[in-house]
Amino acid sequence: MHRRDFIQQLSAGLLLGATSTKGLAANLGKSQGLPRVIVVGGGFGGLTVAKYLRVFSQNKIEILLIDPSPSFISSPMSNLIFSNQFQLNQLTFSRQTLVQKYGLQLIQSMVTRIDPEQQQVHLPTGEKLNYDRLVLSPGVAFQFDDYSNISDKKNGTGIVHAMQAGPQTLQLKKSIEAMKDGGVFAITIPMAPYRCPPSPYERACQVGIYFKKYQPKSKILILDANPDITSKSQLFKKVWANYFPQMIEYRNNHTLMDVDLSDQRLLFEVQDDIKADVLNVIPPMRAGDIAHQSGLTNINKRWCGINFLTFESTAIQKIHILGDATQGGDLMPKSAQIAYGQGKACAQAITQLLFNTELNHQPHYNNLCYSFMTESTAAHIQTDHLYDANLKTMKVIPGSQELSSTPTEDEYAKGLLWAKDMWKDILS
Ligand SMILES: Cc1cc2nc3c(=O)[nH]c(=O)nc-3n(C[C@H](O)[C@H](O)[C@H](O)COP(=O)(O)OP(=O)(O)OC[C@H]3O[C@@H](n4cnc5c(N)ncnc54)[C@H](O)[C@@H]3O)c2cc1C
């Protein structure tokens with residue numbers, strides 16, 4: 001880079017990789033006359049939209065990316081931690097390469113409030129940052145409110161869901177490993193929609209792999225509120241019957257009403273209580289707190305309604321939302337692959353809106369999801385989604401649906417490659 005370019009970029013804040021200091025972020029870029037987009041959430045959706053806003057605008061949009069976590073932890077592949085095929089540190093990545101390569105400003109903080117009138121977000125320090133457009137990709141929050149035995153309704157202290165890779169994943173792994181051989185590990189699954197539909201069933205397989213090696217008399221009980229397995233149903237049933245006989249038991253229509261942690265007991269709407277040695281309670285979910293508190297969860301008070309062309313909230317203007325927090329289109333799961341596709345499409349739409357160019361009226365992205373079912377085999381499901389102008393939603397392209405006929409070693413390798421390619425693209 002030439003020295004002059006370096007100085008120009010530095011003054012425009014483009015080389016600031018590190019966490020901004022107070023006051024700095026508020027002033028940079030704006031003084032250069034660049035439109036500013038603030039991205040809240042440095043997960044799958046947020047990293048993608050931040051990168052591609054810079055790419056599509058040829059660096060003519062200033063990006064502040066805000067996330068409290070010091071690093072990015074991938075939930076995809078985190079179930080493989082239970083079978084010792086992955087360690088958490090292999091799923092933990094720095095955001096610095098992305099930040100430096102694309103000239104993002106990363107602020108390590110929560111956003112505590114959004115003021116749509118002033119077009120500002122508030123940080124816990126009291127700092128207020130202006131935006132021209134705001135993007136939220138805050139993921140999900142967990143709803144503990146219905147469990148009367150759980151006193152901490154906000155954090156659900158005591159409940160281990162492990163549906164955000166990190167400390168809870170390790171806590172659950174430790175409890176499973178500490179369980180006596182012959183014990184029962186119970187997973188409860190809420191009524192869909194929830195984050196990554198096949199992941200609880202995949203988890204049962206991964207824990208099963210561990211049990212087969214180290215605790216062969218132990219049992220896995222899946223207690224599902226849904227009438228059937230919500231993804232890859234026949235494949236999971238076949239693998240459980242053939243590969244984990246007598247070990248994995250699936251029970252449908254089990255709606256969890258409460259949890260008694262003092263007695264390791266699950267209380268259901270209809271069926272008798274069930275006691276288990278290790279509980280993995282996956283509560284119902286909704287859009288992340290910042291979206292909920294800001295009045296953006298206008299679908300069933302849980303999910304954010306969006307214009308599928310622009311990702312702009314149907315509740316508040318100039319706020320765009322993507323990823324798990326949104327009410328998806330037809331057959332659209334809450335997945336990293338969808339958050340990634342939406343991140344790119346959203347970046348394109350915001351660039352077009354900010355520079356008054358014609359909108360893409362045919363956004364298109366896909367879902368591709370691998371589930372790891374044994375130590376060496378996996379299976380996938382895929383759908384392509386296209387905007388339907390009449391219905392104003394995303395619809396599955398007829399004929400695009402794919403489902404593996406059986407889990408294979410080849411798909412296991414492809415699943416690993418999917419994750420590596422995804423991490424590479426969103427992090428560098
Ligand atoms: C066990 C498991 C396995 C999975 N496997 C797969 C898979 O194989 N394939 C697949 O496609 N998907 C998979 N998923 C789903 C995938 O992880 C999610 O769909 C994806 O992470 C959604 O991206 P997102 O950007 O919406 O949210 P996230 O990736 O969760 O990112 C949200 C970010 O927002 C930040 N944030 C929240 N609130 C604030 C705030 N107020 N201020 C600042 N920052 C905030 C959080 O810190 C977080 O970093 C899996 C999930 C789990 C739990």
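Remember, it's 1-based here, ligands and their atoms both numbered in the order they're listed. All values derive from a computational prediction rather than experimental measurement.
- When each of Tyr147, Phe142, Tyr194 is paired with His161, the ring pair (Phe, Tyr, Trp, His ring centres under 6.0 Å) condition holds for Phe142 and for no other.
- Closest to atom 49 (O) of ligand 1, if we only count protein heavy atoms, is Asp67 OD2, 2.6 Å.
- Between Val135 and Val40 there is no side-chain heavy-atom pair separated by less than 4.5 Å.
- Taking the side chain as every heavy atom from C-beta outward, Trp303 and Pro193 approach each other to under 4.5 Å.
- Aromatic ring orientation, Tyr340 versus Tyr52: perpendicular (interplanar angle above 60°, classes split at 30° and 60°).
- No side-chain heavy atom of His320 sits less than 4.5 Å from a side-chain heavy atom of Ile306.
- For atom 32 (C) of ligand 1, the nearest non-hydrogen atom of the protein is Ser137 O, 3.2 Å.
- At the top of the distance list for atom 4 (C) of ligand 1, counting protein heavy atoms only, stands Cys196 SG, 3.5 Å.
- Using a 4.0 Å cut-off between heavy atoms, Ala339 contacts ligand 1 through its side chain alone, with no backbone atom that close.
- Considering Pro333, Gly341, Gly41 only, the shortest heavy-atom separation from atom 34 (O) of ligand 1 involves Gly41.
- Looking from atom 45 (C) of ligand 1 to the surrounding protein, the closest heavy atom is Pro68 CD, 3.9 Å.
- The protein heavy atom nearest to atom 18 (C) of ligand 1 is Asp324 OD2, 3.3 Å.
- Nearest to atom 51 (C) of ligand 1 among the protein's heavy atoms is Ser75 CB, 3.5 Å.
- With a 4.0 Å cut-off on non-hydrogen atoms, Glu202 does not touch ligand 1 at all.
- The part of Ile290 lying near ligand 1 is the side chain, judged by heavy-atom distances below 4.0 Å.
- In this structure, the protein non-hydrogen atom closest to atom 10 (C) of ligand 1 is Ala336 N, 3.3 Å.
- Summarising the contacts of atom 20 (C) of ligand 1 with Phe44, Tyr370, Trp418, the nearest heavy atom is found in Phe44.
- Contacts between Thr112 and ligand 1 below 4.0 angstrom, taking non-hydrogen atoms only, are absent altogether.
- Using a 4.0 Å cut-off between heavy atoms, Ser335 contacts ligand 1 through both its backbone and its side chain.
- Looking at Phe244, Tyr243, Phe236 one by one, the single match for ring pair (Phe, Tyr, Trp, His ring centres under 6.0 Å) with Trp240 turns out to be Phe236.
- Taking each of Gly42, Ala291, Pro76 in turn, the one with a heavy atom nearest to atom 17 (O) of ligand 1 proves to be Pro76.
- Listed by chain and residue number, Asp330 satisfy the salt bridge (Lys or Arg N to Asp or Glu O under 4.0 Å) test with Lys395 (two or more places apart in sequence, or in another chain).
- Considering CZ of Arg265 and NZ of Lys275, their distance stands at 5.5 Å, rounded to 0.5 Å.
- Closest heavy-atom approach to atom 37 (C) of ligand 1 among the candidates Pro138, Gly415, Ala325: Pro138.
- For Tyr340, no heavy-atom contact with ligand 1 is shorter than 4.0 Å.
- Annotation: atom 42 (N) of ligand 1 to nearest protein heavy atom, Val111 N, 2.9 Å.
- The side-chain heavy atoms of Phe86 and Leu416, taken from C-beta on, include a pair separated by under 4.5 Å.
- Side-chain contact between Trp418 and His380 is absent, with no heavy atoms from C-beta onward closer than 4.5 Å.
- At least one N/O-N/O distance between Gly45 and ligand 1 falls below 3.5 Å.
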Worksheet item: Does the side chain to side chain donor-acceptor pair (under 3.5 Å) test come out yes or no for Asn155 and Thr157, once each step is laid out?
Response: CA-CA 5 Å; Asn155 303 308; Thr157 304; 4.9 Å; no

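- At a heavy-atom cutoff of 4.0 Å, ligand 1 is contacted by the side chain of Ser78 but not by its backbone.
- Of the polar atoms of Asn367, none of the N or O atoms is found under 3.5 Å from an N or O of ligand 1, judged by distance alone.
- The residue Ser74 has no part lying near ligand 1, judged by heavy-atom distances below 4.0 Å.
- Within the 4.5 Å cutoff, side-chain heavy atoms of Lys213 are placed close to those of Glu375.
- Contact check for Ile63 versus Ile61: side-chain heavy atoms found under the 4.5 Å cut-off.
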